[in-house]
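What follows is a short report on a single structure.
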Amino acid sequence: MSQNIRVRFAPSPTGPLHIGGVRTALYNYLFARKHGGSMILRIEDTDQGRFVPGAEAYIIESLAWCGIHFDESDAVGGPHAPYRQSDRKALYRQYSDQLIASGNAYYAFDTPEELEKLRKTAEDNKQTFTYNAESRKHLHNSLTMSKDEVDSLIAAEVPYVVRFLIPENSEVVMDDIIRGKVVVKSETLDDKVLYKSDGMPTYHLANIVDDHLMEISHVIRGEEWLPSLPLHKLLYQAFGWEAPQFAHLPLLLKPDGNGKLSKRDGDRLGFPVFPLQWNDPKSGEVSSGYRESGYFPDAFVNMLALLGWNPGTEQELFNMDELIAAFSLERVGKAGSKFDPEKTKWFNHQYLIRKSNEEIAGHFGKILSKKGFNIDLEKITRVVSLVKERVNFVNELWAESYFFFEAPQTYDDQVIKKRWKDDSPAQMQSLAIMLASLETFDTTAIDEAIKSWLETNGYGMGAVMNAMRLLLVGASKGPHLADIMAVIGKEESIRRIAAGIEKLKI
RNA sequence: GCUCCCUUCGUCUAGUCAGGCCCAGGACGCCAGGUUUUCAUCCUGGUAACAGGGGUUCGAAUCCCCUAGGGAGUACCA
């Protein structure tokens with residue numbers, strides 16, 4: 001692999017990119033970076049009927065969020081511009097003509113309605129209609145008509161398509177980096193349309209022409225394309241071009257049952273299937289995204305990278321540079337992977353606890369502001385340091401730390417029953433008086449003071465601390481009590497104790 | 001239906017190319033115990049798999065064959 005490595009990610013802007021597509025882009029990116037090659041973004045919008053406004057921008061934004069950037073694309077330009085197939089429309093015609101001239105393709109005048117009817121009839125007889133070596137002999141095409149007939153139909157502007165002529169009785173031998181050698185008999189293939197009656201090429205033609213023109217060295221794409229590989233291979237042969245190397249990635253499967261992960265699965269099962277939230281311009285439907293759900297892009301990317309690929313070591317946490325260094329197509333598995341939302345949360349947790357308290361505090365501060373709290377970063381940072389190990393997401397921080405910012409409004413009934421005894425009010429009263437006398441109010445000072453106070457009075461640590469926790473937090477949870485008190489301060493601590501004693505009387 | 005691809009714990013996977021180091025290792029989840037003033041974290045332990053059947057071999061998760069199951073494709077969509 002010493003030649004120039006050039007890979008492309010070639011999405012169709014027909015909707016949002018789901019995580020399977022993101023993974024394909026990621027593997028392309030890792031492969032390109034690993035080998036010092038180029039990553040190209042090509043927009044495959046040859047289907048005029050399926051264009052969805054905003055989809056292209058969504059794809060680019062999603063990938064940028066993941067840290068995947070392109071060396072050549074419509075936005076950044078490049079030596080093979082344009083990078084959008086609709087902008088390259090004029091280019092494909094000559095290649096279609098070339099194939100007709102060389103006898104590798106032919107004109108077909110069958111209307112969609114006629115073909116639909118043939119398919120129906122075949123289906124009724126439990127068969128499948130295919131446009132192939134057998135059936136093309138009886139259909140309306142330049143193989144069955146005289147040259148004059150064909151010319152006059154074209155002159156009369158009768159709509160037609162160009163179909164690829166699959167060679168008879170030959171074997172197509174392909175080599176896939178992930179799957180190895182694959183052999184298919186040509187008679188099982190059908191004469192695919194290369195050029196549509198609307199003047200646009202189909203995916204098959206455009207893809208081969210562009211990959212060749214853009215000097216793509218490796219085509220890394222989803223397994224759903226594997227059945228098209230024989231056609232693509234034949235197309236390269238017909239043009240007399242050297243084909244790139246292929247790698248067909250295993251599919252991402254739904255967590256429950258079988259089948260490939262689809263857009264619908266996410267909201268059905270309660271996890272995002274899209275990197276970013278997507279608001280469908282046509283249906284108005286909103287699909288959740290990883291970004292909006294609170295996932296860190298690096299955690300998301302890490303999770304995705306390990307879904308179908310593994311380094312062969314026991315390392316699980318990789319930043320982008322480490323992924324690039326470790327990645328290889330040879331270590332991509334062959335079988336589809338069921339997506340596991342639980343492990344994805346675990347990845348986010350790992351990233352969250354490894355990020356600095358300051359960084360997390362910055363994110364959490366925004367949530368606090370929205371709730372109307374104006375807290376200085378230093379305090380938030382301290383709170384974060386005390387609770388971040390308890391959560392998977394920044395947006396879960398509030399539930400674990402609200403008591404640092406506001407006094408409890410309710411007190412957990414279960415805890416009251418268990419921890420609030422007859423002598424608790426008096427004990428708490430006395431404890432509050434002791435705390436009020438402290439000059440230094442930091443964790444160590446508080447701990448020491450309480451310890452000696454307990455000893456002097458002969459109280460048990462468990463009973464006292466749990467009752468106090470009830471007053472300060474309102475529930476049986478949270479970090480070390482002295483830490484909480486140190487953060488909220490002496491006055492607030494004493495105030496909460498007094499208020500709690502009052503409220504629990506009733 | 002036809003073509004192609006795939007098959008190790010519930011899930012992600014190591015091991016398969018170069019058969020013995022694997023009565024199968026790691027991670028997530030789950031369960032139990034420990035630490036702890038609470039909850040959580042954390043620590044320790046446990047649970048659980050070579051799809052089935054034939055062969056080849058002294059020896060097979062690994063090689064060969066068959067069966068079963070799953071998936072993808074089968075458009076003037078990509």
Side-chain angles (χ1 to χ4, degrees), chain A residues 10-14 44-47 49-50 108 110-112 115-116 119 122-123 125-131 159-163 174 176 178-180 182-185 187-190 192-198 200-204 206-207 222-230 248 250-251 253 255 257-260 303 306-316 330-331 333-347 349 353 387-391 400 412 415 418-419 450 454 460-470 473 475-482:
Chain A
S12 172
T14 52
E44 310 225 323
D45 56 348
T46 50
D47 186 351
R50 293 209 305 161
D110 318 276
T111 65
L115 293 172
E116 188 50 42
R119 275 190 199 98
E123 205 176 307
N125 297 323
K126 292 194 171 173
Q127 292 183 320
T128 311
F129 168 77
T130 36
Y131 212 113
Y160 64 86
V161 300
V162 175
R163 284 181 182 273
M174 297 150 287
D176 184 275
I178 293 167
R179 277 147 229 289
V182 179
V183 183
V184 165
K185 290 192 170 63
E187 46 274 31
T188 64
L189 270 23
D190 63 335
K192 280 272 183 288
V193 170
L194 298 179
Y195 203 83
K196 300 184 270 188
S197 59
D198 65 0
M200 284 291 256
T202 59
Y203 166 82
H204 300 295
N207 164 54
E223 192 185 330
E224 67 269 25
W225 293 111
L226 197 52
S228 308
L229 183 56
H248 287 88
L251 265 17
L253 274 18
N258 299 305
K260 78 173 167 178
M303 173 280 293
L306 269 313
L307 215 52
W309 167 85
N310 81 84
T313 66
E314 281 174 6
Q315 184 180 353
E316 294 207 83
E330 284 70 25
R331 290 205 65 87
K334 299 175 194 222
S337 314
K338 279 190 189 178
F339 177 71
D340 183 2
E342 285 307 311
K343 189 142 188 185
T344 310
K345 289 179 190 163
W346 176 82
F347 272 110
H349 176 73
I353 60 178
V387 300
K388 74 172 179 178
E389 289 194 339
R390 319 164 86 91
V391 301
E400 297 300 329
D412 189 294
V415 183
K418 196 173 169 195
R419 306 292 191 188
I450 291 179
L454 284 171
M461 171 84 91
V464 171
M465 297 308 265
N466 284 306
M468 182 156 64
R469 180 175 295 279
L470 176 65
V473 176
S476 173
K477 65 175 185 181
H480 190 63
L481 261 190

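Worth knowing before you read on, the calculation uses all heavy atoms, side chains too, and leaves out hydrogens, waters and symmetry mates. Chain letters run A, B, ... following the sequence lines, proteins first, then strands; residues in each count from 1. Source: prediction; values computed, not measured.
A gap of 41 Å separates the P atoms of B/U56 and B/G73, to the nearest Å. On the C1' atoms, B/A61 is 33 Å away from B/C43, given to the nearest whole Å. Taking atom C1' on both nucleotides, B/U7 is separated from B/A49 by 12 Å, rounded to a whole Å. Distance check on atom C1': B/U44 versus B/U36 gives 16 Å, rounded to whole Å. Only the P atoms considered, B/G26 is 15 Å distant from B/G15, to the nearest whole Å. Look at the C1' atom in both B/U62 and B/C17: the space between them is 10 Å, to the nearest Å. Atom name C1', nucleotides B/C64 and B/G1: the rounded distance is 29 Å, in whole Å. Comparing the C1' positions of B/U47 and B/C6 gives an interatomic distance of 28 Å, to the nearest angstrom.
As a whole-Å value, the separation of A/Asp198 CG from B/C77 C1' is 12 Å. Whole-Å rounding puts the A/Arg50 CZ to B/A78 C1' distance at 5 Å. Separating the CD atom of A/Gln315 from the C1' atom of B/G26 is a distance of 13 Å, rounded to the nearest angstrom. Residue A/Asn310 contributes atom CG, which lies 10 Å from atom C1' of B/G15 at whole-angstrom precision. Note: NZ (A/Lys260) to C1' (B/G73) measures 9 Å, nearest angstrom. Protein atom CZ of A/Phe347 is 12 Å distant from nucleotide atom C1' of B/G26, rounded to whole Å. Between the CG atom of A/Leu229 and the P atom of B/U74 there is a distance of 15 Å, rounded to whole Å. Distance, A/Lys192 NZ to B/U3 P: 15 Å, rounded to whole Å.
The base-pairing partner of B/C23, taking Watson-Crick or G-U wobble contacts with both distances under 3.5 Å, does not exist among the strands shown. The partner of B/C63 is B/G55, judged by Watson-Crick or G-U wobble contacts that both fall below 3.5 Å. Within the shown strands, B/U7 is the pairing partner of B/A68 under the Watson-Crick or G-U definition, both distances less than 3.5 Å. In this structure B/A32 sits in a base pair with B/U44, meeting the Watson-Crick or G-U test at under 3.5 Å. The partner of B/U74, taking Watson-Crick or G-U wobble pairs whose two distances both stay under 3.5 Å, is B/G1.
With A/Lys260 contributing its side chain and A/Gly336 its backbone, the two residues share no donor-acceptor pair below 3.5 Å. A/Arg331 contributes a side-chain N or O that, together with a main-chain N or O of A/Asn310, makes up a donor-acceptor pair within less than 3.5 Å. A donor-acceptor pair is defined here as one N or O able to donate and one able to accept, closer than 3.5 Å; such a pair exists between the side chain of A/Thr202 and the backbone of A/Val193. Side-chain N or O atoms of A/Asp190 include none that pairs as donor or acceptor with a backbone N or O of A/Lys192 at under 3.5 Å. Using modelled atom types, one side-chain atom of A/Asp198 and one backbone atom of A/Met200 make a donor-acceptor pair closer than 3.5 Å. Remark: side-chain polar atoms of A/Lys388 are paired, donor with acceptor, to backbone N or O of A/Ile353 under 3.5 angstrom.
For A/Thr202 and B/A75, the shortest distance from a side-chain N or O to OP1 or OP2 is not below 4.0 Å. Residue A/Arg331 places at least one side-chain N or O under 4.0 Å from the OP1 or OP2 atom of B/G15. Taking side-chain N and O atoms only, A/Thr46 has a distance below 4.0 Å to OP1 or OP2 of B/A78.
Between A/Lys338 and A/Asp340, none of the side-chain N atoms (NZ, or NE/NH1/NH2) sits under 4.0 Å from a carboxylate O, so this pair counts as no salt bridge.
Contacts of A/Asp45 with the nucleic acid, taken as non-hydrogen atoms under 4.0 Å apart, are absent. Among the heavy atoms of the strands lying under 4.0 Å from A/Thr128 is at least one base atom, whether or not backbone atoms are also near. Backbone-only contact: A/Gly259 has heavy atoms under 4.0 Å from sugar-phosphate atoms and none from a base. A/Thr14 comes within contact range of no nucleotide atom at all, as no heavy-atom separation falls under 4.0 Å. Among the heavy atoms of the strands lying under 4.0 Å from A/Glu314 are primed sugar atoms or P, OP1, OP2 only; no base atom is included. Among the heavy atoms of the strands, none lies under 4.0 Å from A/Thr344. Looking at heavy-atom distances under 4.0 Å, A/Lys338 makes contact with sugar-phosphate atoms alone, never a base. The residue A/Gly308 sits close only to the backbone: its heavy atoms come under 4.0 Å of sugar-phosphate atoms, none of a base.
Listed nucleotides B/G15, B/U3, B/A78 differ in distance to A/Val184; the shortest reach to its side chain belongs to B/U3. For A/Leu307, taking side-chain heavy atoms from C-beta onward, the closest of the listed nucleotides B/G29, B/U41, B/C12 is B/C12. When distances are taken from the side chain of A/Ser228 to each of B/G26, B/A75, B/A78, the shortest belongs to B/A78. Proximity note for A/Arg119 (side chain, C-beta onward) versus B/U74, B/C76, B/A27: the nearest is B/C76. Out of B/C28, B/U13, B/U3, the shortest distance to the side chain of A/Trp346 is found at B/C28. Of the candidate nucleotides B/A27, B/C12, B/C42, B/C42 has the atom lying nearest to any side-chain atom of A/His349. Of the listed nucleotides (B/C28, B/U3, B/A78), B/C28 has the atom at the smallest distance from the side chain of A/Asp340.
Within a 6.0 Å sphere centred on CD of A/Glu123, heavy atoms belonging to other residues, nucleotides or ligands number 12 at most.
The nearest heavy atom of RNA chain B to A/Pro201 and to A/Gly462 marks one nucleotide each, and the one closer to the 5' end goes with A/Gly462. Mapping A/Phe129 and A/Pro479 onto RNA chain B by nearest heavy atom places A/Pro479 at the nucleotide closer to the 5' end.
Scanning both residues, A/Leu226 and A/Pro230, for their nearest heavy atoms gives O-CD, 3.6 Å. Pairing each heavy atom of A/Phe339 with each of A/Thr344, the nearest pair is CZ-OG1, 3.5 Å.
Taking the six-membered ring for Trp and thresholds of 30 and 60 degrees, A/His204 and A/Trp225 have ring planes more than 60 degrees apart, a perpendicular arrangement.
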Could you run down the sub-3.5 Å N/O contacts of the protein with nucleotides 5-7 of chain B?
| residue | atom | partner | partner atom | Å |
| --- | --- | --- | --- | --- |
| B/C5 | O2' | A/Arg179 | NH1 | 2.7 |
| B/C5 | O2' | A/Glu223 | OE2 | 3.3 |

